[in-house]
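See below for the structure under consideration.
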Number of protein chains: 4
Amino acid sequence: MAKRTGEKYDAIIDAAVRVIAEYGYHNAQVSRIAREARVADGTIYLYFKNKDDVLISLFSEKMGSFITEMEEKLREIESPADQLYTLIRLHFEKLEEDRQLATVTQIELRQSNPEVRRGIGEILKRYLDIIDRIIESGMEKGLFRPNLDIRVCRKMIFGSLDEMVTSWIMNDYKYSLLDQVEEIHRLFISGMGK
Amino acid sequence: MAKRTGEKYDAIIDAAVRVIAEYGYHNAQVSRIAREARVADGTIYLYFKNKDDVLISLFSEKMGSFITEMEEKLREIESPADQLYTLIRLHFEKLEEDRQLATVTQIELRQSNPEVRRGIGEILKRYLDIIDRIIESGMEKGLFRPNLDIRVCRKMIFGSLDEMVTSWIMNDYKYSLLDQVEEIHRLFISGMGK
Amino acid sequence: MAKRTGEKYDAIIDAAVRVIAEYGYHNAQVSRIAREARVADGTIYLYFKNKDDVLISLFSEKMGSFITEMEEKLREIESPADQLYTLIRLHFEKLEEDRQLATVTQIELRQSNPEVRRGIGEILKRYLDIIDRIIESGMEKGLFRPNLDIRVCRKMIFGSLDEMVTSWIMNDYKYSLLDQVEEIHRLFISGMGK
Amino acid sequence: MAKRTGEKYDAIIDAAVRVIAEYGYHNAQVSRIAREARVADGTIYLYFKNKDDVLISLFSEKMGSFITEMEEKLREIESPADQLYTLIRLHFEKLEEDRQLATVTQIELRQSNPEVRRGIGEILKRYLDIIDRIIESGMEKGLFRPNLDIRVCRKMIFGSLDEMVTSWIMNDYKYSLLDQVEEIHRLFISGMGK
DNA sequence: CATGAATGAGCGTTCATTCAT
DNA sequence: CATGAATGAACGCTCATTCAT
């Protein structure tokens, strides 16, 4: 069972994003997602193992393409400082241009059960790896202190960006995330620098 | 209704922490909390408005005393740099010495419904204020750059610490949070410094 | 247990009437009645066997004194026709002058459980007996048809009056019950007459 | 939601009648009705909005078809006196031939909450209208006094019939309602007549 | 006599998942 | 492949009653 592609597969995931964004995680019933996707309830189970699988897949699909895009963009940049800048900027840009997705991934999906959260954590590892590589590269090139604890820095960077976005959503998108890129970048560069 | 003090009030809150820590948020039924507190189901409703109120009160009680303790400790410290150090150390110390509470506040309660999350956010504001005051003080004393965006820095600090703790829990407390205090402190001090 | 007299006994019954009238049968909790009577919850159980007993006693006390009053008044009247007139008039008068009691006995207490309803029925028998005696007397005196089925007439009279009052309450006391006495009396007199 | 027809719709309503008749209003839990209808608990909510809706629908369905039948029968009758006779006879006939339904509508459903009672009242209006029309017709044709208060007479007729049936049930169907039709009819005809 | 804190049984409703068509 | 009617387990909360003080 559970073919993981096709027109309806995408329709269901997109419907899930819309429904969760509009009604909140706790009101995102399978039947509502099905209706929004113009599909029968049972059809969802032809494409996904269960509801958790829809949510994890949602995160995986959206985040996956984002991470891939991020990797491509960073590959074209030499300087770790510029890479970090781009990472922050893309992170904010992406979420700022799709508020629905931002709400869903930052707020709603965090209310999900342990199974889903574990799935999400798994996917985020790829993103953390990207951050790791930037830091490593900065250390190798002498831009950052040589004795930085990469795992600590990685968490600080991710935690900072994550909190920035969450806060921005909770404050009703009142300001622009992109305006904060410079400040954050500067703090990390001089914070990790020699 | 709803006396908010007394022996049973505390017993219920402590039982809630234990039950949630052991069985997870989604298996923390009112009746299970009651049983753990050696109290009848109905008794919970003599002390709390509803289940949400138990959870918010839990957070409020535990976080409240932590924040008060933090404020007292910081009042004895002059230097903003030392204050930041102490804040980080206490934050980690507190959660490291009570893993159950750490799990509940960092992992489980985040799965809660919007009402509870709102209550939690409200309580956290006091903590964010403390961070704000340290940054302001550092700017006034010429330790930090004068044009720092306080709100950005505050979120970065909180987001970093939060992610550190969450990560530590998700990795089964494998390492000591306190070992990371220096690194984090150094990064923020030089990151925000002139 | 359960002394059936005293200051508090009356206070509880009167409180019950007020609470039921104001909040409705389904919101007339024992604790609310106790509070209204300025008495502890447990005290109610010193005067009544249980909640049902309060309700039945309420009906019994109120209806009892009404029936006694009715009997006294009727004793002074000779003519069965006049007696019937007085019965109808007193029935309406009594309920019209105490709307709270009217609501409670006509509307709210009818939602009660079988036990209470049985108790109420028991008390009403005395009232039905009064009606019976009027009819009998009318037959004996040649005012009514000699072959009237007393039990049928009794039910028709009681049912008519009861429906009149219920309807009056449901229509927010918009009109006066006493205005209808003539019509009802005339119908029954000529209906039962030769 | 809530398809208001179909095989299961009928099954649930009929099950509700049986369960309420057998166990009483206060023991007619949704799950018991579901079991009796050989249907899952949740299925009830595919056909009804909630439990109240089941009860109101029950009354509506049963009473509705009764009222329709009544209207048809009366349409074939010219004389208001005969119409009244038929109304009384059908009223009793119907309830006498289905004791379960009689118990449920006369005794049990009257214990229901205000919402259900309101629904029932609404449905009964159609029945009261029928009585009105008979009286009006009788007045027009000179059979009844021209100055009758229709609303008073309507309530007396309905109240009388209602009380007759309730009494019959409370006395364990010991006698036949149909035996009383003549007496009641005679009383009203001569009571309202010139 | 009086109190009122504590008890715990009981129930309407939701919703992820299945499966006959 | 697709449907959507049907399932049934699960749970927060209320409130009449008790009993230690």
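Chain naming here is simple, since letters A, B, ... match the order of the sequence lines and numbering starts at 1 in each. Scope of the values below: all heavy atoms of this structure, side chains included, with no hydrogens, waters or symmetry mates. Because the structure is a prediction, the values reported are computed rather than measured.
- A distance-only check finds no donor-acceptor pair linking the side chain of C/Arg110 to the backbone of D/Arg110 [under 3.5 Å].
- Counting to the nearest Å, the P atom of E/dC1 and the CD1 atom of C/Ile12 are 12 Å from each other.
- A close approach under 4.0 Å does not occur between any side-chain nitrogen or oxygen of B/Tyr45 and OP1 or OP2 of E/dA6.
- A close approach under 4.0 Å does occur between a side-chain nitrogen or oxygen of A/Tyr47 and OP1 or OP2 of F/dA2.
- Between C/Arg117 and C/Asp52 there is no salt bridge, since none of the side-chain N atoms of the basic residue sits less than 4.0 Å from a carboxylate O of the acidic one.
- The nucleotide whose nearest atom lies closest to any side-chain atom of B/Thr43 is, among E/dC1, E/dT7, F/dT7, E/dT7.
- With hydrogens and angles disregarded, a donor-acceptor distance shorter than 3.5 Å links the side chain of C/Glu108 to the backbone of C/Tyr25.
- As a whole-Å value, the separation of C/Lys51 NZ from F/dT18 C1' is 17 Å.
- In this structure, C/Lys8 reaches the E/dA2 phosphate: one of its side-chain N or O atoms is under 4.0 Å from OP1 or OP2.
- Pairing partner, E/dC11: F/dG12, with both Watson-Crick or wobble hydrogen-bond distances short of 3.5 Å.
- Between C/Leu55 atom CG and F/dT17 atom P the separation is 10 Å, expressed in whole Å.
- In a base pair of the Watson-Crick type (N1 to N3 plus N6-O4 or O6-N4) or a G-U wobble (N1-O2 and O6-N3), with each distance short of 3.5 Å, E/dA16 is matched with F/dT7.
- Both C/Ile44 and D/Ser31 lie close to DNA chain E; mapped to their nearest nucleotides by heavy-atom distance, the more 5′-ward contact belongs to C/Ile44.
- Among F/dC13, F/dA9, E/dT3, the nucleotide with an atom closest to any side-chain atom of D/Asp41 is F/dA9.
- Taking atom CD of residue D/Gln29 and atom P of nucleotide F/dG8, one finds them 18 Å apart after rounding to whole Å.
- One interatomic measurement links the two molecules: CD1 of D/Ile33 to C1' of E/dC11, which rounds to 12 Å at whole-angstrom precision.
- If D/His26 and C/Arg38 are placed on DNA chain E by their nearest nucleotide, the residue sitting closer to the 5' end is C/Arg38.
- With 3.5 Å as the limit, one finds no donor-acceptor pair spanning the side chains of C/Tyr23 and C/Glu36.
- If you run salt bridge (Lys or Arg N to Asp or Glu O under 4.0 Å) between D/Lys62 and each of D/Asp10, D/Asp14, D/Asp98, only D/Asp14 comes through.
- The residue B/Val30 sits close only to the backbone: its heavy atoms come under 4.0 Å of sugar-phosphate atoms, none of a base.
- With rounding to whole Å, C/Phe48 atom CZ is found 18 Å from F/dT18 atom C1'.
- Whole-Å rounding puts the D/Lys49 NZ to E/dT13 P distance at 9 Å.
- Shown here, E/dT21 forms a base pair with F/dA2; the pair counts as Watson-Crick or G-U wobble because both key distances fall under 3.5 Å.
- In this structure, CG of D/Asn27 is placed 7 Å from P of E/dC11, rounded to the nearest angstrom.
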